[in-house]
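Okay, so here's the structure we're looking at.
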Amino acid sequence: MKAVACVAMLAPLCAGAQPPRDYPVKPVPFTAVHLHDEFWAPRIETNRTVTIPFAFRKDEDTGRVDNFIRAAKALRGEPFENHKYPPYPFDDTDVYKVIEGASYTLSVHPDPQLEAYVGGLIEKIAAAQEPDGYLYTARTIDPAHPHPWSGRERWILEGVNSHELYDLGHLYEAAVAHYQATQNRALLDIALRTANLLDQTFGPGKRSIWPGHQIVEMGLAKLYRVTGDPRYLSLARFMLDARGPDSGEQGAGNPYVEAHQKVVDQTEAVTGGHAVRAMYMYSGMADVAALTGDSAYVNALDKIWENVAGKKLHITGGVGARAEGEAFGDNYELPNMSAYNETCAAVGNDYWNHRMFLLHADAKYIDVMERTLYNGLISGVSLDGTTFFYENPLEATGLASKDQRSPWFGVACCPGNITRFMASVPGYVYAQRDDALWVNLYVAGSAEIKLDNGRMVNVTEETRYPWDGAVRIAINPDEAARLTVHVRIPGWARNQPVASDLYRFVDGASEPVTLRVNGKPVPVDTDKGYVALTRTWRKGDTIELHLPMPVRRVAANERVAADRGRVAIERGPIVYAAEWPDNPQGQVRNLMLPDRAALTAEFKPALLKGVTVVKGQAMALAYDAQGKIAKTAQEFTAIPYYAWANRGRGPMMVWFPVDEAHAKPRPYPTAATTATVTVSGQSRRNPRTINAGEEPAASSDPSSYFDWWPAKGTAEWVEFAFEKPATVSECQLYWFDDTGRGEVRVPAAWRLLYKDGDAWKPVAAREAYGVAKDAYNRVTFPPVATSGLRLEIGMQPNWSAGIQQWKVK
Ligand SMILES: [Zn+2]
């Protein structure tokens with residue numbers, strides 16, 4: 001096996017003809033870029049040696065590989081052990097994605113054992129393919145009883161939920177990667193058989209169906225590049241153009257699958273639109289635009305990008321603010337604790353922004369790509385490579401199960417996406433066209449770059465980026481040649497976090513960026529975010545770039561309600577978070593960071609595999625017994641956001657209040673806040689949220705709540721066991737109710753009891769037991785001395801119930 005110099009993201013067929021038209025700028029393939037830095041190289045190695053084998057094992061242990069074996073048995077008419085359909089119709093993709101990641105590592109790191117294992121998987125996949133090319137284990141295993149999302153016949157529920165085309169999209173990405181890594185056609189041939197079936201089935205004069213979950217568009221573009229067969233490009237384009245409100249297919253008009261408008265008419269990441277689907281669709285549109293020259297796609301993408309970068313992008317680069325529908329929220333709806341920011345959406349955001357750069361040669365896209373890459377994307381995997389985040393919130397109580405990384409998920413899209421993305425990171429560093437070169441990311445390493453004009457240029461970078469902004473770049477052409485080297489000056493070094501008015505630095509200008517060529521200063525005049533250095537380059541020529549990296553405060557647009565009166569901390573490309581292990585009493589969410597507080601940076605080689613931390617003096621706020629706010633100055637330490645939740649579960653915060661009005665003082669400990677909470681039933685939610693002192697913004701506030709869902713119409717209870725007996729005379733209940741998005745409503749009735757010896761006795765309530773939404777429901781009663789309280793609630797028929805907060809006086 002010989003590594004082939006192909007690119008992960010674009011994958012031109014090395015041995016075949018280039019398509020007649022493609023992106024105006026081309027990435028330098030990851031196989032030509034060798035990183036030996038302290039930041040990425042160890043991560044890529046952990047991905048290769050730990051995460052990829054781990055994810056394959058999980059694919060085996062969770063039956064995802066067995067699904068192919070069961071489908072093959074069904075095709076041969078052999079009995080299979082049970083009639084259970086696969087848990088989800090998209091589970092095939094988890095195998096494909098890890099094959100893709102493994103193939104990328106094989107491209108640069110021969111490993112006969114891994115190659116043989118992948119070969120075995122491909123044989124299992126081949127055996128599960130139906131004679132006409134159809135490949136979808138969720139149906140083939142038992143066509144008479146397919147998974148209910150799949151529909152009775154092929155494709156009929158594709159526009160909604162069946163994921164038949166989604167599975168194939170991931171198959172195509174894996175197949176092209178595997179072919180390019182090994183020159184073995186086995187998986188590619190499987191993929192081409194499915195693509196030929198699609199070509200026979202869909203298109204003008206045939207069936208008009210578009211993917212309910214996008215990605216087949218990107219996959220087909222890769223098949224086109226690798227084979228040169230124009231049918232695959234036509235099909236990719238057809239599947240984009242078929243999407244919309246008028247097709248009459250299931251899902252037509254549905255914003256959740258971005259079918260509310262024709263794709264060329266779309267102007268925003270629509271509210272309620274599934275974020276991962278959107279990112280893959282925009283990436284596919286960019287591919288088809290590049291390959292066809294169709295400017296209508298580009299015009300739509302430009303508008304959509306302005307909307308996302310201007311109104312729907314978290315400071316970490318995360319997208320898809322809402323858990324409900326894993327979707328984009330409204331403009332400026334960028335919550336912190338409830339931010340969803342799926343890891344897959346971050347991966348997709350980088351796929352998309354990289355493609356936008358290749359279309360426009362503008363560094364504003366690399367600014368978003370870099371922000372996502374160093375923050376909200378790699379936060380999705382633990383430092384040891386074995387646990388993952390599906391959601392990437394910007395604030396945590398530490399009480400929710402999502403505040404802890406998980407080794408796997410029922411829906412396991414994110415770990416597989418990490419395996420394939422991490423393996424291809426070197427492909428994002430450089431790009432080229434004719435006699436021009438773009439240096440987009442600063443990573444120590446070397447690259448052998450073949451320009452379109454046939455010249456070879458060796459480029460080496462020496463830097464400690466992202467911890468240090470000094471970068472030394474050596475340009476070594478094979479012979480002296482006139483070239484333009486575009487040196488990216490990151491937005492964060494030009495006082496512009498993102499090219500929009502969504503975020504701004506609030507602490508004045510940083511010291512200026514300096515640039516030297518062979519020791520001589522060069523003016524830092526940027527065009528589209530680059531300094532273009534056009535000259536005759538000779539072996540040994542060097543560029544020295546100095547990007548000052550002070551600790552900086554960032555504020556969000558005032559329209560972002562969640563960030564008002566708050567600042568985030570950045571240094572270079574890194575966004576910071578305060579986490580419990582580094583701060584007194586494990587508390588961070590009661591901190592306030594006044595504007596005058598000086599912040600300093602310090603590299604800690606032994607912490608979290610080596611990070612620069614930010615330190616300073618903050619104020620810790622707490623309520624005293626009289627209900628007044630007490631302020632205490634204390635040392636404050638922040639770590640890179642991506643590294644949080646590697647030391648257990650606890651509070652975390654990215655946006656720091658700058659004044660008392662926006663701070664969240666720690667609640668004064670009361671009998672209730674220190675009580676042990678127990679609840680009836682089998683809820684997956686942590687009952688500790690009930691008395692944690694979080695003030696809800698509304699009954700529907702998704703930040704921190706308890707509910708009994710999916711139980712409905714039942715009688716339930718909550719008990720507080722006090723640390724020591726207390727005299728109480730008042731309770732306040734704030735009910736959780738997710739009308740409009742879930743199945744939880746205020747209860748039908750409730751009452752309060754206190755513990756008298758071993759018996760529970762009702763209190764003599766003076767008021768009715770209220771069930772008002774968006775407010776505390778207060779009940780007073782004659783004082784009782786007791787060791788505990790019990791709340792009994794009866795749900796409304798067919799609805800569940802839940803509690804935001806229960807206070808006791
Ligand atoms: Zn995911």
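Positions are given from 1, in the same order as the sequence printed here. Just follow the structure's listing: the first ligand is 1, and inside any ligand the first atom is 1. Worth knowing before you read on, the calculation uses all heavy atoms, side chains too, and leaves out hydrogens, waters and symmetry mates.
For the side chain to side chain donor-acceptor pair (under 3.5 Å) test, residues two or more places apart in sequence or in another chain that qualify with Thr386 are Asp384. Qualifying ring-ring contact (aromatic ring centres under 6.0 Å, His included) partners for Trp408, counting only residues two or more places apart in sequence or in other chains: none. For Phe706, the ring-ring contact (aromatic ring centres under 6.0 Å, His included) partners at least two apart in sequence or on another chain are Trp708.
Here the protein contributes Glu342 OE2, Cys344 SG, Cys413 SG, Cys414 SG as N, O or S atoms under 2.8 Å from the Zn ion (ligand 1).
For Tyr641 and Tyr576, the gap between ring centers reaches or exceeds 6.0 Å.
Remark: Glu268 does not engage Lys303 in a salt bridge, criterion side-chain N to carboxylate O under 4.0 Å. A salt bridge between Glu60 and Arg57 is absent, with no side-chain N of the basic residue lying under 4.0 Å from a carboxylate O of the acidic one.
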